[in-house]
Amino acid sequence: MESSRGCNDVRIEIQIKNWGSKKVAPGTTIMELLGDVSPKLQKEALAARINGDIVGLLTPLQEDCTLETVSFDDPEGAEVYRHTASHVLAQAVKRIYGNVRLGIGPPISNGFYYDFDFKGNPIKTEDLEKIEQEMVQIVKEDLPLERLEISREQALQMFKEKGEDYKVELINDLDEGVKITCYRQGDFIDLCAGPHLPSTGKLKVVKLLNLAGAYWRGDERNAMLQRIYGTAFPKQKMLTEYLDFLEEARKRDHRKLGRELDLFSFHEEGPGFPFYHPKGIIIRRELEKFWREEHCKAGYLEIETPIILNKQLWEQSGHWDHYQENMYFTKIDGQDYAIKPMNCPGAILIYKTGMYSYRDLPLRMAEMGLVHRHEKSGTLHGLMRVRSFTQDDAHIFMLPEQIDDEVAGVMEMVDRFYKVFGFNYFIELSTRPEKSMGSDEMWEKATTALQSFLDGKNIPYIINEGDGAFYGPKIDFHLQDSLERTWQCGTIQLDFQMPEKYGLSYIGADGQKHRPVMLHRVIYGAMERFFALLIEHYGGAFPLWLAPVQAVIIPITDRQHVYAAEVKKLLWEKGVRVETDDRSEKVGYKIREAQVQKVPYMLIVGEKEVNSRTVAVRQREQGDLGAVDLQVFTNRILGEINQRK
RNA sequence: GCUCACGUAGCUCAAUAGGCAGAGCGUAUCCUUGGUAAGGAUAAGGUAACCGGUUCGAAUCCGGUCGUGAGCUCCA
């Protein structure tokens, strides 16, 4: 320490990232320090990172350290910002409705929420407005948020006195050694680890978005609380942009586009059971065609198994014990049957029709299998979550030492497929669920196999504890919809159980029977879900190869109808999905209609085109491309279709 | 399944302290033959999701059922 003055003058040195170092007296808060070094930095900072930990700006500095300010642009900064907003929400609710118990109120990806128990007096959507007004008032009051460290006993006593039963439960569940902290702003105090903004006035724009139910601690056996969702931004413009994003997302909603583009429908007569319209089924068949080509190349054999199979088969597979509440049942000739919720038992029956040498494995059997699952009514969601869907399934029967290669093969295939459509995806490893069968050793073995595969290839993933299939752990591939909600699509499930249950075998090099290992896997996942995600991903503007109508011929007057018919015939016979709009409407009208229907190519034919045997090409995105020789255009569009552009 | 909300023409939406159900788009017919995002006229189209109650009278108020939306739980 450079100072040779008295010990009252002890100073600590703070390294401020991107600024330099500063010496201050111990006990100086970060806020004071920043005010000293740069008012601009102080204004932008929402929190700080000291030696890696996020702390509030009112934290006193006690020793030498490196410090980095955190702004709204940092994910952690936005979290702190919105976490404080959630406290302001809770305070506002407490002010308006005294008789309410608090649940939890964390920040989430685009905002925050807070759960409340209104004790039998649920609030309504309209009430959000006045709560929001009270929040604005609290922001205006610019109340400082004070961090309090208290003992477990103090905390319990305080929240018991306040009647905050949920908070008491949370405190009781905290580990012994954990520091208990609360944050106080004005008359409001909440159990919270923080950190928070220094004061409520730091919040600029708060907005409540919607009201929903949520079980206490996410458990359906617990009380249903009311959850208020909101968001907060430092600038009005950012909120407007976010609301615009939500608005745009609504336009891309596959349920809306499905209706507008005439792709599919749902009916009260069959909730959760999708109806594919002619245009929708075209897209699906193209996806399937691509799928068959790729699977054929990758050495898969295609099979098809029945939708209804005897109940006994499902008892043997474990579905009866572990999956019954999701299954539909029926009777045939007095015998109990089940509608298949999965394709595996069918594939296994086929496997069992033969004897296999170790040289025959891996045996890859693919099936576009229609399954039915009884999903709870509240979970249905357009094509994303339905009660009947087709899985692009495959079951790979293999030797234990083939696990790595086969998993790798499937992972590569998933990657190749998703890249064709330009999807970003992320991976989860799901482990043993509560309701499952098999020994701990087998689960351990299977889970380790998958995990070490991912680790070995340096593939980033997150672990989804307890979300595996009842017969084995799985690697899941998730895609995002237009609202950035994620949906599981591809999955690879490693299974040692079914081969055991069904007594599957192959003959090894030693001439003895051995147990094969099974891989259950899907690439698209469910055709319905993948289709829905594709619709939202493309906003309904499908690439040429998938477009239900690839080109519309638009004659300008009746005099071009003969030529239009000729053009149509030529393209149609080459396999192009082409229509003619020969209504007596103006060109502009027909073009508008084709644009709205997102048809990739419009071929305008007037007198000039008839005389020169050309078509005036208008491309969906690029607009008018001018006249092109009919033969040249035909070759071009066929080329693009074949390249799956 | 749970919480809150919603259900009016094929679609998007109006209306009224409870008092004959409306518009635009789309559809049909006719006029128009027009060169790159909406030409004009006329017409058809509704058991107000369904069932019940209150009322002289219910699309409107109340209850139930079904469906849908946001979320929770669950899952491809």
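FYI, side chains are in, hydrogens and waters are out, and symmetry mates aren't considered; it's all heavy atoms of this structure. Reminder, nothing fancy here: chain letters follow the sequence lines and each chain counts from 1. Since the structure is predicted, the reported quantities are computational estimates derived from the model, not experimental observations.
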Within the structure provided, determine whether [X] and [Y] are in side-chain contact (heavy-atom separation under 4.5 Å).
| X | Y | answer |
| --- | --- | --- |
| A:Trp320 | A:Met327 | no |
| A:Tyr114 | A:Ile228 | no |
| A:Leu494 | A:Ile475 | no |

| said: Looking at A:Glu247 and A:Lys251, is there a salt bridge between them, counting it only when a charged N and a carboxylate O are closer than 4.0 Å? | reply: no
Taking the side chain of [X] as heavy atoms from C-beta outward, which of [options] is closest to it?
| X | options | answer |
| --- | --- | --- |
| A:Ala212 | B:G71, B:C75, B:G39 | B:G71 |
| A:Arg592 | B:U27, B:C75, B:A37 | B:A37 |
| A:Arg385 | B:U33, B:C75, B:G35 | B:C75 |
| A:Tyr229 | B:A70, B:C72, B:G34 | B:C72 |
| A:Val386 | B:A37, B:A76, B:G34 | B:A76 |
| A:Arg529 | B:A76, B:A37, B:G34 | B:A76 |
| A:Met224 | B:A76, B:C2, B:A5 | B:C2 |
| A:Arg227 | B:G35, B:G71, B:G34 | B:G71 |
| A:Ala616 | B:C2, B:U36, B:G39 | B:U36 |
| A:Lys124 | B:A5, B:A37, B:C75 | B:A5 |

For [X] and [Y], test the side chains for any donor-to-acceptor distance below 3.5 angstrom and give the result as yes or no.
| X | Y | value |
| --- | --- | --- |
| A:Tyr524 | A:Glu288 | no |
| A:Asp476 | A:Thr491 | yes |
| A:Thr431 | A:Glu465 | yes |

Heavy atoms only, 4.0 Å cut-off, all strands: where does [X] land among base, sugar-phosphate and nothing?
| X | value |
| --- | --- |
| A:Glu126 | nothing |
| A:Val522 | nothing |
| A:Asp476 | nothing |
| A:Arg559 | sugar-phosphate |
| A:Gly378 | base |
| A:Glu593 | nothing |
| A:Asp624 | base |
| A:Gly588 | sugar-phosphate |
| A:Met527 | nothing |

Could you check whether the rings of [X] and [Y] sit parallel, tilted or perpendicular, using 30° and 60° as the cut-offs?
| X | Y | value |
| --- | --- | --- |
| A:His322 | A:Phe470 | parallel |
| A:Tyr418 | A:Phe477 | perpendicular |
| A:Phe116 | A:Phe118 | tilted |

Spacing between [X] atom [atom1] and [N] atom [atom2], to the nearest angstrom:
| X | N | atom1 | atom2 | result |
| --- | --- | --- | --- | --- |
| A:Leu261 | B:G10 | CG | P | 20 Å |
| A:Ile492 | B:A76 | CD1 | P | 14 Å |
| A:Gln391 | B:C75 | CD | C1' | 11 Å |
| A:Ile104 | B:C72 | CD1 | P | 12 Å |
| A:Gln488 | B:C74 | CD | C1' | 12 Å |
| A:Leu257 | B:C11 | CG | C1' | 14 Å |
| A:Asn326 | B:A76 | CG | P | 9 Å |
| A:Asp481 | B:A76 | CG | P | 17 Å |

Given the [atom1] atoms of [N] and [M], what is the spacing between them in whole Å?
| N | M | atom1 | value |
| --- | --- | --- | --- |
| B:A28 | B:G10 | C1' | 14 Å |
| B:G46 | B:C50 | C1' | 16 Å |
| B:C61 | B:G69 | P | 23 Å |
| B:U42 | B:A23 | P | 12 Å |
| B:C75 | B:U16 | C1' | 46 Å |
| B:G26 | B:C66 | P | 38 Å |
| B:C72 | B:A58 | P | 42 Å |
| B:C20 | B:C25 | C1' | 26 Å |

| task | Using side chain to side chain contact (heavy atoms under 4.5 Å, CB included) as the criterion, point out the one residue from A:Leu603, A:Asp582, A:Val578 that pairs with A:Lys568. | result | A:Val578
| Which of these, A:Met342, A:Arg385, A:Arg387, sits in a side chain to side chain contact (heavy atoms under 4.5 Å, CB included) with A:Arg373? |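 Answer to the side chain to side chain contact (heavy atoms under 4.5 Å, CB included) test with A:Arg373 among A:Met342, A:Arg385, A:Arg387: A:Met342.
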| task | Kindly state each residue pair satisfying salt bridge (Lys or Arg N to Asp or Glu O under 4.0 Å) with at least one member in residues 113-128 of chain A, sequence neighbours excluded. | result | A:Arg101-A:Asp117, A:Asp115-A:Arg227, A:Asp127-A:Lys130
Does [N] have OP1 or OP2 sitting under 4.0 Å from an N or O in the side chain of [X]?
| X | N | answer |
| --- | --- | --- |
| A:Gln226 | B:U3 | no |
| A:Arg583 | B:A28 | no |
| A:Lys474 | B:A76 | yes |

| field | Heavy-atom protein contacts under 4.0 Å, nucleotides 62-69 of chain B, coded B base, S sugar-phosphate only, - none | value | ----SSSS
hbond_proxy [X] side chain to [N] base (donor-acceptor, 3.5 Å cutoff):
| X | N | result |
| --- | --- | --- |
| A:Glu609 | B:G35 | yes |
| A:Ser584 | B:U33 | no |
| A:Tyr215 | B:G1 | yes |

| field | Closest-nucleotide ordering on RNA chain B, the 5'-leading residue of A:Trp216 and A:Gln595 | value | A:Gln595
| query | Would A:Tyr589 pass as stacked on B:A37, i.e. its ring centre under 5.5 Å from the base's six-membered ring centre and planes under 30° apart? | reply |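 According to the criterion (under 5.5 Å, under 30°), no, A:Tyr589 does not stack.
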| Is NZ or CZ of A:Arg284 both nearer than 6.0 Å to the six-membered ring centre of A:Phe264 and within 45° of the ring axis? |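 Checked: cation-pi criterion not met.
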| query | Given the rule that a pair is Watson-Crick or G-U wobble with both distances under 3.5 Å, how would you write RNA chain B in dot-bracket, using | for pairs to a different strand? | reply | (((((((..((((.....[..)))).(((((.......))))).....(((((..]....))))))))))))....
